[in-house]
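Okay, structure first, notes after.
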Amino acid sequence: MFYKIKEELTEKVQACLAATFGVTPEQYRVVIQYPTRTEFGDFSLTFPFELARILRQAPAKTAATFIEAFRPPDEVARVDVAGGGYVNVHLDRRRILLRLLDCLVAGRLWLPFHAEPEKVIVEHTNINPNKAAHIGHLRNAVLGDSLVRLMRFTGRTVEVQNYIDNTGVQVADVVVGFRYLEKLSLEKIRRIPDRFDYYCWDLYARVAKFYEESAENLRLRQQTLQEIEAGDGETAAIAHEVSTRMVHCHLDTMARLGVTYDVLPRESDILDLKFWEAAFARLRQTRAIVFEEEGPNAGCWVMKYERDGQADVKIIVRSNGTVTYTGKDIAYQLWKLGLLDRDFHYEPFRRLDDGHVVWITSATPTDRGGADVPPFGGGDTVYNVIDVRQSYTQNVVYEGVRRLGYEAAAERSIHFAYEMVALSPRCAVELGFELSEEERERSHVEVSGRRGLGVKADDLLDLLEEKALDEVRSRNADMAAEQQQVIAHQIAVGALRYFMVKFTRNSLIVFDFEDALSFEGETGPYLQYSAVRAGNILRKYLDRYAMTREELDAAWRSYTPDHVPELPEDVWELLGTLLKFRDLAQAALTGQEIATFARNLYALSQKFSNFYNRHQIIGEENSDWRNLLLAIVVIYYEKMKRGLEILGIPVPERM
RNA sequence: GCGCUCGUAGCUCAAUCGGAUAGAGCAUCGGCCUUCUAAGCCGAGGGUUGCAGGUUCGAGUCCUGCCGAGCGUGCCA
């Protein structure tokens, strides 16, 4: 409802500017802002300032002339000028409230966004399948998953991909560990008990040291890599076992957070199905990449380009004929965009409790496990959630797409970049790592799989659950242990997910246990708590007054224009924020920033907490006013549940 | 060297295309539980938005220079 008023207002202002001042939309496009303070009304317009030059007139005079001529939408109570030229629009609070009650009763609090025909692909997580997930991976997955939820909420069709680099050096390293350090056969590796990902985490760090011992050791890496790529023998079988089992570990970890995927494209399948060869032929043909006859890169296929007047090259095919990661990524990106005339085969990898099937690619046709394969790939827009350090490479990939003539597709290939999660030196020391003097001096140290330096995702979740369980027990001693466990888990998820999205994307997170384990202040549990309280009020209200929901609806329906209490400032402020909810989701999407949405949701729950403390609802004696206050609680509850859903944060029954 | 990102309260971060008095949390101090859950609320202190210029009706935000930080710039992935 609110956004419709906003749209109508925008149109009417635009029309009025044209009629009164002869200003066309091309000259000036009306933008509505939200004032910083409630006394400035509900909407604010700044055009008098911006038109000062065009109209050669003082902003205050323009504003006055405008108000004289302007006929606002019906829901507007008054329009006034403030601050020397701001045009402030004040809504008719009673009228808005009545309409809102209508919506509430009719169950139309949610007008769905219109469905977008385009298909969006979001690729995230992408953890090398050779060790346990850590906090850096959590940021990626939570950011990606929230983006997916936000886009689905706003009407997009989204496909979630999680790329599995099962033939890369990282997997090879662990295989080297198993074969040459542990000297284990495939059979013995299979019998390693859980947690397999933790086992490999340690092994991977040992291999890094092993390489440093001699050049001969390091040669094993190359040899192993080649054996994996060749695809047969014990080495390849071990690599397959390690990566497949590891993907299960990662999916288990992410499932704890409510993160799921649609399809898992595997690098080995990209190689086997010759995606690169198909892309290479076209890149050569269009001279997007060229062969270097001489110079330092003689024998390589490179992409040449100019950046800020400087000539630069990126090697795509090495002089030994092997393809770089960037090259493979161009082919894969083309497939994601539906521009490569090849496709994978697919088989079910996992079936979730809700019936959702997670598919994995295959190089050969399979029986598909009796399920229908959805049409994967072919996205109109592709978001790649990858940390900011890969910006350069990502740009090269998109440039490759562009040079094949797909300008629009390149434009719709989006590197959804974010800064990394690092550790504070203090945190690293707490974890038992030895830091160099230089590292101790720094503000942060990078998480390093090779050093085994980092906080594992499951460890952090375990810690959060443990702490949450203590809190739940102390507050709900009578609750069944099983339910306590469920709620502790929900709180842990809330805390972790909120923590991962409260920072803007380009802010480096310096991880610290104290902040991450907090349940107070700007945290997930704060948001959950306020929603739980709202839910409690509704439940207890119906109980206390022995009302059914139908009777409540009838009570809400009974208000008439001359029979609605005037809303005090603080209540209107909460309601006003609630009304903007749809805008908040839209703004986060437009600004490509999940943190915007998360923080706005937090600000909303702050307003509710304030409201909760200031007003007695169940105890209110005036039943008209009481029912109205309850309506606001219910509206808050409904919107908050949606908002938290977008962030993947569950709402517990009790807290 | 070049490129990207950034520098905001003691600390960690926000700030809607450039908009009105720069806001939150943590920490500190002071209040509020016989009343819908104190994981909460109210209040106080805390700022020359790194420095110097410029553009603008208006600059934390845009431009230039300087100082400082992080990342990138591999025939690694």
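Please read all numbers here as calculations on a predicted model, not as lab measurements. Per chain, numbering begins at 1; letters A, B, ... match sequence-line order.
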Among all residues two or more places apart in sequence or in another chain, which pass the side chain to side chain contact (heavy atoms under 4.5 Å, CB included) test with A/S436? A/E438, A/E439
Please tell me which of A/F43 and A/V472 maps to the more 5' nucleotide of RNA chain B, matching each residue to the nucleotide holding its nearest heavy atom. A/F43
Please give me every residue in residues 504-511 of chain A whose heavy atoms get under 4.0 Å of an atom in RNA chain B, ordered by residue number. A/T504, A/N506, A/S507, A/L508
Throw together a table of side-chain donor-acceptor distances under 3.5 angstrom for residues 46-60 of chain A, partners on residues two or more places apart or in other chains.
{"residue": "A/T46", "atom": "OG1", "partner": "A/E50", "partner atom": "OE2", "Å": "2.5"}
{"residue": "A/Q57", "atom": "NE2", "partner": "A/T62", "partner atom": "OG1", "Å": "2.9"}

Between the protein and nucleotides 74-77 of chain B, list the N/O to N/O atom pairs that are separated by less than 3.5 angstrom.
{"residue": "B/C75", "atom": "O3'", "partner": "A/R318", "partner atom": "NE", "Å": "3.1"}
{"residue": "B/C75", "atom": "O2", "partner": "A/S319", "partner atom": "N", "Å": "3.3"}
{"residue": "B/C75", "atom": "O2", "partner": "A/S319", "partner atom": "OG", "Å": "3.1"}
{"residue": "B/C75", "atom": "N3", "partner": "A/S319", "partner atom": "OG", "Å": "2.9"}
{"residue": "B/C75", "atom": "N4", "partner": "A/P296", "partner atom": "O", "Å": "3.2"}
{"residue": "B/C76", "atom": "OP2", "partner": "A/R318", "partner atom": "NE", "Å": "2.9"}
{"residue": "B/C76", "atom": "O3'", "partner": "A/R318", "partner atom": "NH2", "Å": "3.2"}
{"residue": "B/A77", "atom": "OP1", "partner": "A/R318", "partner atom": "NH2", "Å": "2.2"}
{"residue": "B/A77", "atom": "OP2", "partner": "A/R318", "partner atom": "NH2", "Å": "2.7"}
{"residue": "B/A77", "atom": "OP2", "partner": "A/Y325", "partner atom": "N", "Å": "3.4"}
{"residue": "B/A77", "atom": "O3'", "partner": "A/D165", "partner atom": "OD2", "Å": "3.0"}
{"residue": "B/A77", "atom": "O2'", "partner": "A/D165", "partner atom": "OD2", "Å": "3.2"}
{"residue": "B/A77", "atom": "N6", "partner": "A/T393", "partner atom": "OG1", "Å": "3.3"}

Less than 5.5 Å between centroids and less than 30° between ring planes, does A/Y86 satisfy that with B/A20? yes
Does A/R599 make a side-chain N or O approach to OP1 or OP2 of B/C13 shorter than 4.0 Å? no
Could you tell me which residues satisfy side chain to side chain contact (heavy atoms under 4.5 Å, CB included) with A/K304, sequence neighbours excluded, listed by chain and number? A/V290, A/E292, A/V302, A/V313
Please write out each protein N/O paired with an N/O of nucleotides 26-31 of chain B under 3.5 Å, distance rounded to 0.1 Å.
none

Tabulated below should be each protein N or O lying under 3.5 Å from an N or O of nucleotides 54-62 of chain B; please produce it.
{"residue": "B/C57", "atom": "OP1", "partner": "A/R53", "partner atom": "NH2", "Å": "2.9"}

Between residues 606-616 of chain A and RNA chain B, which residues have a heavy-atom gap below 4.0 Å? A/Q606, A/S609, A/N610, A/Y612, A/N613, A/H615, A/Q616
Which residues pass the side chain to side chain contact (heavy atoms under 4.5 Å, CB included) test with A/D543, not counting sequence neighbours? none
Please list every stem that involves RNA chain B, where a stem is a run of 3 or more consecutive Watson-Crick or G-U wobble pairs with both pairing distances under 3.5 Å. B:1-7 with B:67-73, B:10-13 with B:23-26, B:28-32 with B:40-44, B:50-54 with B:62-66
Flag the pair A/Y86 / A/F40 as yes when their ring centroid distance falls below 6.0 Å, and as no otherwise. no
Under 3.5 Å, which donor-acceptor pairs link side chains of residues 490-500 of chain A to any protein atom two or more places apart or in another chain?
{"residue": "A/R497", "atom": "NE", "partner": "A/L647", "partner atom": "O", "Å": "2.8"}
{"residue": "A/R497", "atom": "NH1", "partner": "A/D145", "partner atom": "OD2", "Å": "3.0"}
{"residue": "A/R497", "atom": "NH1", "partner": "A/L257", "partner atom": "O", "Å": "2.8"}
{"residue": "A/R497", "atom": "NH2", "partner": "A/D145", "partner atom": "OD2", "Å": "2.8"}
{"residue": "A/R497", "atom": "NH2", "partner": "A/S146", "partner atom": "OG", "Å": "3.4"}
{"residue": "A/R497", "atom": "NH2", "partner": "A/L647", "partner atom": "O", "Å": "3.3"}
{"residue": "A/Y498", "atom": "OH", "partner": "A/E522", "partner atom": "OE2", "Å": "2.8"}
{"residue": "A/Y498", "atom": "OH", "partner": "A/A598", "partner atom": "O", "Å": "3.4"}

Taken in chain and number order and not counting sequence neighbours, the residues that satisfy side chain to side chain contact (heavy atoms under 4.5 Å, CB included) with A/A428 are A/L423, A/L435, A/V445, A/L453
